[in-house]
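Have a look at the structure below, then the notes.
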Amino acid sequence: MLSMKNISKVYQTEKVQTHALRDFNLNVDEGEFIAVTGPSGSGKTTFLNIAGMLEPFTGGDFMLDDVNVGTLSDNQRADLRNQKIGFIFQGFNLIPDLNLYENIEVPLRYRGIKSAERKRRIEECLEKVGLASRAKHLPQQLSGGQQQRVAIARALAGKPRFLLADEPTGNLDSLMARQVMELLEEINREGSTIIMVTHDSELARRAPRNIQVVDGQLADFTLYQNKAMDEIAAKAGQPAIEA
Amino acid sequence: MFLHYIDLSWRSMKRTPLVSMLMILAIAVGIGITMTSLSVYHMMSMDPIPHKSDKLFSVQLNTTDDGNNWWTEDDVPLQLTYKDAMALHNADTPERKTASVRALFTVQMDDKEVKPFLASTRVTGRDFFPIFDLEFVYGDAWTSEQEASATPVVVLDEETNDRLFAGENSVGKQVYLDDTAFRIVGVIKQWRIHTKYYDLNNGAFNSPESIFMPITLIAPLEIQNMGNTNGWKYEEINTFQERLQSEMFWLQFWVELNTPEELKNYSDYLQAYLSEQGTKGRFERKTPQFNLKDVNEWMQYNKVVSADNKVLVGLSFLFLAVCLANILGLLLGKFLRRAPEVGVRRALGASKRQIFIQHLVEVSMLGLLGGVIGIAIAQLGLWGVRFTSNEYASLATMDIKMLLAAPAIAISACILAGIYPAWLVCRTQPAIYLKTQ
Ligand SMILES: Nc1ncnc2c1ncn2[C@@H]1O[C@H](COP(=O)(O)OP(=O)(O)OP(=O)(O)O)[C@@H](O)[C@H]1O
Ligand SMILES: [Mg+2]
């Protein structure tokens, strides 16, 4: 469903040029669950943003569902994003003026879903992340972990075909992290394709496919599967994925 | 979605109450001042008799020698001589026509309870009432026989009738005007016009006269006009008779012409009349010159709305523009601070258009609130105008058009100021704000 060929991304700031991605090649099939690991600053978020069409890329070819993303207009990308893609951002990125219920409602509104259906989905998702009783709270009235769970609920409510999660468990304790992982696995079983960035090697290992981004390039460990991962990482001279 | 945007705008305003108040106040002050001057302008330039303003014509005849300059744009005198006015007044054509002139009389009653007072009086023909659509509460206009025989009869307006007879039917009763006894034949419904378009001599925005009497009384009563009298050549005038025979201009003349054909016929008539008068040696003029201007043309020709008034409206709009520039600055700050939120919305599937509209709705709401408060400020301003100026008193009001225009102008002005900030914010790259927190 997703195919990137020689994707590169250069950030040009006043003084420095940062090659956030270079020669980045990846194929993702429908229904996959991929964990992305890699050192800080290696380009993981950049990759997710490009995959979600939030950012233009500098070079290469990017096909999403047989559509050449490079040729799409801004509106077409917004449309595709709205129809197919769900995000869990690295920061929670909740809208401070809106309560939990309304925050989760945002993508559903843009998709034009009817009010009754929105309500049903939002309540279901709040239930899933254990925040049903706090629907009317504002984000700043919640702990970091709770906010993260709202961000997850927001992504799940849209039942996206393609879920991009940037450290969805970063702010959660290990118990909560495991629950979130189970949620993700559940919607993966229901058919969503998931790409998840994580620093937690244990969680990464639960994903059927692992990839590592190092210095803007992809080291694909798929072939070696999970158990061999630490070993290979060590051989490659990289530090094992930090927990 | 629209209601949702309104809800979002409301929250956004509550989130920054001070900035929102400041913006609303800026719009309100700008709109208040603009609407004050615009309302006065609107009243000044408003058609005073819309259903027949294109059928009423003011008559001008140029009975001066060639080469005489006048202060009108085409050098044609504004008023007529007594000779010409009465000749046209007594002509067979058209059906409705009248000479008229303003005079002042002291009003007295047998009843000593009523103190004598000065009343502005219109000396005119009986056609004056149907021409200007004046309705009668009691009685009617004087008859043509009474007009022909110069009978001392009058028509009062409602206010004068209230003052003298406590609003009772006064037809048949007597009133003294400068010691002459007049019989009342009719009382008209109060004539309310903002612009005294039929006689602009004593200021365009004065009230109409309160008493009306036959024009044929001018000669026997030697009535002095209280308007402008202008001459163009030396004439020795010692008696009132000589004044009536002179070439001085001091009367107004109006006709009602209902079809283009009537207009054409009357033009031909005036042309012939002027040629005839020219051959009598009254004036040296190669081609006869006359004007038939309808009500709106007449008001423009007389510059009822002066250049000063236009400048004032212009200045007030300039002031509104300054207010808008401030609002634009505040909006820029407010909207750009919200870029992270917009980034999130974009990432969650909002199109640029949706973001743009959301922000325009917010701006329109500011405009609406500002417009409503602006109306209150404009009322205050108009009250000030009424308070300080007698002449503009009747003009300093807002009619329904202006009341509706205020929020409309406020909203469009705000949208104008908001387009650029809204455009900037809808262009935010969604990704920039999402990297980390
Ligand atoms: N908008 C930007 N402008 C300039 N440089 C940027 C921008 N965004 C990212 N970079 C740079 O690109 C590189 C990759 O950044 P990215 O955020 O993708 O890393 P990451 O792998 O997600 O890191 P972390 O694990 O800390 O989240 C970094 O060197 C970063 O400084
Ligand atoms: Mg990152």
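Proteins come first, then strands; the chains are lettered A, B, ... in the order of their sequence lines, and each starts at number 1. Basis for what follows: all heavy atoms, side chains included, without hydrogens, waters or symmetry-related copies.
A salt bridge does not link B:Arg427 to A:Asp74: none of the charged side-chain nitrogens sits closer than 4.0 Å to a carboxylate oxygen.
Heavy atoms of A:Glu102 lying under 4.5 Å from chain B belong exclusively to its side chain. Residue contact with chain B, scored on non-hydrogen atoms closer than 4.5 Å, is absent for A:Arg111. Heavy atoms of B:Arg345 lying under 4.5 Å from chain A belong to its backbone as well as its side chain.
For B:Met21, the CE atom is loosely surrounded, since the number of other residues' heavy atoms within 6.0 Å does not exceed 12. A:Asp66 CG: 12 or fewer foreign heavy atoms inside a 6.0 Å radius. The neighbour count for A:Gln141 CD, taken as heavy atoms of other residues, nucleotides or ligands under 6.0 Å away, is above 12.
Here the closest non-hydrogen pair linking A:Ala78 and B:Ser351 is CB-CA, 3.9 Å. Across all non-hydrogen atoms, the minimal contact from B:Leu8 to A:Leu98 is CD2-CD2, 3.8 Å.
Residues B:Val344 and A:Phe89 are in side-chain contact: their nearest non-hydrogen atoms beyond the backbone lie under 4.5 Å apart. Side-chain contact between B:Leu348 and A:Arg154 is present, with heavy atoms from C-beta onward closer than 4.5 Å.
Under a 3.5 Å cut-off, the side chain of B:Arg11 and the backbone N or O of A:Asp97 do form a donor-acceptor pair. A donor-acceptor distance shorter than 3.5 angstrom exists from the side chain of A:Arg81 to the backbone of B:Arg346, with no hydrogens or angles considered.
Note: B:Arg15 leads B:Arg15, B:Gln429, B:Glu341 in heavy-atom pairs under 4.5 Å with chain A. When A:Gly86, A:Gly52, A:Pro96 are compared by the number of non-hydrogen pairs under 4.5 Å with chain B, A:Pro96 comes out ahead.
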